[in-house]
Amino acid sequence: MITLKLHNTMTKAKAAFEPTDPKRVTMYVCGPTVYSRPHIGNARPALVFDVLFRLLRHLYGEEHVVYARNITDIDDKINAASQESGRSISDITKEMADIYRSDMAELGVLPPTHEPHATAHISEIIAMIKTLINSGNAYEADGHVLFNVPGFDDYGNLSHRNRHDLIAGARVDVAPYKKDPADFVLWKPSTEDLPGWESPWGRGRPGWHIECSAMIEKHLGKTIDIHGGGHDLIFPHHENEIAQSRCSHGGVDLARVWMHNGFLTMDKDKMSKSIGNIVTVHELTKTHSGETIRFAMLSAHYRQPLDWSEELLAQAKKTLDRMYGTLENLSEIALPAGAEPSEAFIAALSDDVNTPKALAELSALCKAANTATSDVERAKLKGHLATSGALLGLLQNDPSAWLKGDGNDDQEIDALVEARKIARANKDFTESDRIRDDLTARGITLEDGADGTKWRRGL
RNA sequence: GGCCGAGUGGCAGAGUGGUGAUGCAGCGGACUGCAAAUCCGUGUACGUCGGUUCGAUUCCGGCCUCGGCCUCCA
């Protein structure tokens, strides 16, 4: 088996991945806070870790990989959205979670094994906070429960900074009830108009960080194999998760490998709701297929920044068209039984999920298929293409349907192509070229081949 | 101020201490009635200044530029 190598934020190095138990490989990725539609930047971790999920299932077997991606449905931003719109919190969170799921499905993202909701884990959260108080790692103050950061020596190991740096850079007023400026909230009081649950510390709600620790423990265990998320979650979110989980689990590691995806930018600026330079998945899917968006996203390595643009999407579409063109030319060839991705393709993906390299291998397979002379060879390559594509969540559509695209004038086009065929048979090239020019003007491209004329939408 | 990361050919984007991935675009050719698609060929790319080395885009150091985190954020 090819060795899977992953880059670990904790060690800042790539290393061979070794799960605790190959029969139960565990991965957790921080999911969305459901208060608005996801933008394309939010989709990057979902997509990146979806590819890793597919790769892990390929390497270890489908039934041996457990992947959890949470839904944060209790958060002050949600409360604010509710007060602003007048809609109930549950209305908003339910709608936005549904939209998130359907948007991700549109991008070919597989549902994770578990999709835990924070509000369904309040008792686990309270239990973990109790443990932390009992062990002296947390304290109650002014209706809040806070984590005692100075009591955890390894705080800052993931983000590679120490508490002194943090204090030096602190830009925010420190709440008076904090013993140390770095202490963070585990539980906070709720007023009557805010969602809240009864707890030993009064009616309140959990802080953001504790929910992930509690849900990981419940669904995956104390030490998981892979923890992923966006680069901006390294500090403080993941640092805090580590502190909470390790202190309530006798010090064992929370995750063996920490992976973080880089950001999507728009004109080089980070795409974010606060800046307002966002483009939602919903908007994008009106003009681009989910597969085109997916291809564009995977065209850069997950740790690199990626500048999102229409040009990027146009290039992705063009390359996909080319690959589907190759597959269409293989449509007569039967898919061989037991087909597997090519070795070079798996090697590329196994090198820290190097999707650009994997995509290059897909191109190489296409070229080989286009030049292959024997049907045996072509069948083998078709098998590689189909299964390699599947690992990336690409090339699973019917090639002919993909190339023809969506339209309601297929029959009319077919008729014109037929008329042109007759004109060509009569060597009436003036007429045949006129028909082709008309079709070109409508955005239809014709391809005359040995076995007749094919057409596709797009120039 | 502290901590991260990035600067590759017209564009996107991998990678490597020594035969210039891959895709798009361009140019030449084959094929075609002409095209399209496909195929073949075609590029003196690695921010800058030093250092190490027989040899650096790749290692080390300085500098410049850009981005991110330090507050909610994928």
Side-chain angles (χ1 to χ4, degrees), chain A residues 9 12 29-33 35 38-49 75-77 80 156 159-162 164-173 182 184 208 228-237 239 260-265 268-275 278 295-296 298-307 309 311-323 325-326 328-329 348 351 354-364 366-367 369-371 403 424 427-430 432-433 436-437 439-440 444-450 453-456 459:
Chain A
T9 306
K12 293 197 271 189
V29 172
C30 292
T33 299
Y35 67 103
H39 60 69
I40 189 65
N42 298 127
R44 171 117 101 149
L47 249 157
V48 161
F49 291 105
D75 183 274
D76 287 354
K77 285 195 293 293
S159 52
H160 305 105
R161 52 186 97 186
N162 60 50
H164 302 293
D165 295 340
L166 296 174
I167 293 162
R171 285 191 214 154
V172 173
D173 293 338
F184 55 90
W208 175 39
H231 199 260
D232 56 347
L233 298 183
I234 296 172
F235 189 90
H237 185 56
E239 203 72 76
H260 294 94
N261 63 273
F263 281 104
L264 237 52
T265 56
K268 304 296 180 190
D269 280 331
K270 174 184 172 182
M271 186 186 291
S272 77
K273 287 173 187 171
S274 45
I275 298 176
I278 63 165
F295 191 104
L298 298 180
S299 68
H301 184 82
Y302 79 91
R303 282 191 284 122
Q304 297 301 118
L306 175 60
D307 202 46
S309 66
E311 291 72 43
L312 181 73
L313 286 161
Q315 198 163 297
K317 171 70 162 64
K318 197 133 192 172
T319 309
L320 270 173
D321 283 351
R322 182 172 187 275
M323 291 179 174
T326 297
E328 189 180 33
N329 288 334
D351 183 12
N354 193 331
T355 53
K357 210 171 172 186
L359 254 17
E361 176 57 21
L362 237 38
S363 281
C366 285
K367 178 162 283 189
N370 289 336
T371 50
L403 292 169
R424 291 182 73 214
K427 306 261 187 232
D428 184 355
F429 296 120
T430 311
S432 72
D433 287 353
R436 185 171 63 195
D437 289 345
L439 285 167
T440 301
I444 308 296
T445 301
L446 298 189
E447 291 172 23
D448 296 327
T453 298
K454 291 172 185 164
W455 62 266
R456 60 186 162 85
L459 300 175

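Below, chains carry the letters A, B, ... as their sequence lines are ordered, and counting in each starts from 1.
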Checklist entry - Are A:Leu362 and A:Leu359 side-chain neighbours, meaning at least one heavy-atom pair lies under 4.5 Å? => result yes

Checklist entry - With side chains defined as the heavy atoms from C-beta onward, is the minimum distance between A:Val48 and A:Pro45 less than 4.5 Å? => result no

Next on the checklist: Using the rule given for side-chain contact (heavy atoms from CB on, under 4.5 Å), can you reason through A:Glu328 versus A:Arg456, listing the C-alpha separation, both sets of side-chain angles and the distance that settles it, and then say yes or no?
Outcome noted: CA-CA 12 Å; A:Glu328 189 180 33; A:Arg456 60 186 162 85; over 6 Å; no

Item to check | Gap in Å between the two C1' atoms, one belonging to B:rG43 and one to B:rC27, rounded | outcome: 11 Å

Checklist entry - If the P atom of B:rA14 is compared with that of B:rU22, how far apart are they to the nearest Å? => result 15 Å

Checklist entry - Reckon A:His39 touches a base, only the sugar-phosphate, or nothing at all at heavy-atom distances under 4.0 Å? => result base

Checklist entry - Taking the same atom, P, in B:rC60 and in B:rC24, what whole-Å distance lies between them? => result 35 Å

Item to check | Candidate pair A:Ser432 and A:Lys427, rule side-chain contact (heavy atoms from CB on, under 4.5 Å), full reasoning | outcome: CA-CA 9 Å; A:Ser432 72; A:Lys427 306 261 187 232; over 6 Å; no

Checklist entry - Got A:Arg44 and A:Leu306 here, is their nearest side-chain heavy-atom distance under 4.5 Å? => result yes

Checklist entry - Which of these nucleotides, B:rA14, B:rC4, B:rC70, is closest to any side-chain atom of A:Pro356? => result B:rA14

Item to check | Among B:rC11, B:rG13, B:rA74, the one nearest A:Phe263 by side-chain distance | outcome: B:rA74

Item to check | side-chain contact (heavy atoms from CB on, under 4.5 Å) assessment of A:Arg424 paired with A:Asp448 | outcome: CA-CA 11 Å; A:Arg424 291 182 73 214; A:Asp448 296 327; 3.3 Å; yes

Item to check | Selection from B:rA74, B:rG15, B:rG5 that lies nearest to any side-chain heavy atom of A:Met271 | outcome: B:rA74

Item to check | A:Gln304 CD - B:rG7 P separation (whole Å) | outcome: 6 Å

Checklist entry - Quick one: A:Leu233 CG to B:rG68 C1', roughly how many Å, whole number? => result 13 Å

Pairs under 3.5 angstrom only: tabulate donor-acceptor contacts from the side chains of residues 313-321 of chain A to other protein residues two or more places apart or in another chain.
unit_1, atom_1, unit_2, atom_2, d
A:Lys317, NZ, A:Asp321, OD1, 3.1
A:Lys317, NZ, A:Asp321, OD2, 2.9
A:Thr319, OG1, A:Gln315, O, 2.9
A:Asp321, OD1, A:Trp402, NE1, 2.8

Checklist entry - Can you find a pair of side-chain heavy atoms, one from A:His39 and one from A:Leu264, that are under 4.5 Å apart? => result no

Checklist outcome for this item: Each nucleotide of nucleotides 31-38 of chain B classed B (base within 4.0 Å of a protein heavy atom), S (only sugar-phosphate) or -, in 5' to 3' order, makes --BBBBSS

Next on the checklist: If you assign A:Lys270 and A:Leu306 each to the RNA chain B nucleotide with the nearest heavy atom, which residue ends up on the more 5' nucleotide?
Outcome noted: A:Leu306

Item to check | Candidates B:rC72, B:rA74, B:rG23 - which lies nearest the side chain of A:Thr319 | outcome: B:rG23

Checklist entry - Taking the same atom, C1', in B:rG15 and in B:rU32, what whole-Å distance lies between them? => result 39 Å

Next on the checklist: Rounded to whole Å, please give me the gap between CZ in A:Phe184 and C1' in B:rC72.
Outcome noted: 16 Å

Checklist entry - Which is true for A:Gly229 with a 4.0 Å heavy-atom rule: it touches a base, it touches only sugar-phosphate, or it touches nothing? => result sugar-phosphate

Checklist entry - Taking C-beta and beyond as the side chain, do A:Lys273 and A:Asn42 meet within less than 4.5 Å on heavy atoms? => result yes

Checklist outcome for this item: Closest to the 5' end of RNA chain B, once A:Asp307 and A:Leu359 are matched to their nearest nucleotides, is A:Asp307

Next on the checklist: Categorize A:Glu361 for me: base, sugar-phosphate, or nothing, with a 4.0 angstrom heavy-atom threshold over every strand shown.
Outcome noted: nothing

Item to check | Nucleotide of B:rG15, B:rG5, B:rC69 approaching A:Asn354 most closely (side-chain heavy atoms) | outcome: B:rG15

Next on the checklist: Rounding to an integer number of angstrom, what distance separates B:rC40 and B:rU53 when you compare their P atoms?
Outcome noted: 44 Å

Item to check | Whole-angstrom distance between B:rG50 and B:rU44, as gauged at atom P | outcome: 25 Å

Checklist entry - Would you call A:Phe184 and A:Glu239 a side-chain contact if the rule is heavy atoms closer than 4.5 Å? => result no

Checklist entry - Taking only Watson-Crick and G-U wobble pairs with both distances under 3.5 Å, what dot-bracket line describes RNA chain B, where [ ] shows pairs that cross earlier ones and | shows pairs with another strand? => result (((((((..(((.....[...))).(((((.......)))))....(((((..]....))))))))))))....

Checklist entry - What distance, rounded to whole Å, do you find between the two P atoms, one in B:rU57 and one in B:rC49? => result 11 Å

Checklist outcome for this item: Nearest heavy-atom contact between A:His231 and A:His260 is CA-CB, 4.0 Å

Checklist entry - When the distance from CD1 of A:Ile234 to P of B:rU71 is rounded to whole Å, what number comes out? => result 15 Å

Checklist entry - Looking at side-chain heavy atoms only, is the closest gap between A:Arg161 and A:Ile234 below 4.5 Å? => result no

Checklist entry - If you check every side-chain atom of A:Ala360, which of B:rU22, B:rG5, B:rC69 has the closest atom? => result B:rU22

Item to check | d(CG, A:Leu298; P, B:rA14) in whole Å | outcome: 12 Å

Checklist entry - Rounded to whole angstrom units, what separation is found between the CG atom of A:Leu312 and the P atom of B:rG13? => result 7 Å

Next on the checklist: Whole angstroms only, please: what is the CG-P distance between A:Asp351 and B:rG15?
Outcome noted: 7 Å

Next on the checklist: Rounding to an integer number of angstrom, what distance separates B:rG47 and B:rA56 when you compare their C1' atoms?
Outcome noted: 15 Å

Item to check | Atom pair distance, as rounded to whole Å: CG in A:Asp269 and P in B:rG5 | outcome: 21 Å

Checklist entry - Is A:Lys12 touching bases, backbone alone, or none of the nucleic acid, heavy atoms closer than 4.0 Å? => result sugar-phosphate

Item to check | Sugar-phosphate, base or nothing in reach of A:Leu362, heavy atoms under 4.0 Å | outcome: nothing

Checklist entry - A:Gly262 near the nucleic acid: base, sugar-phosphate alone, or nothing, with a heavy-atom cut-off under 4.0 Å? => result base

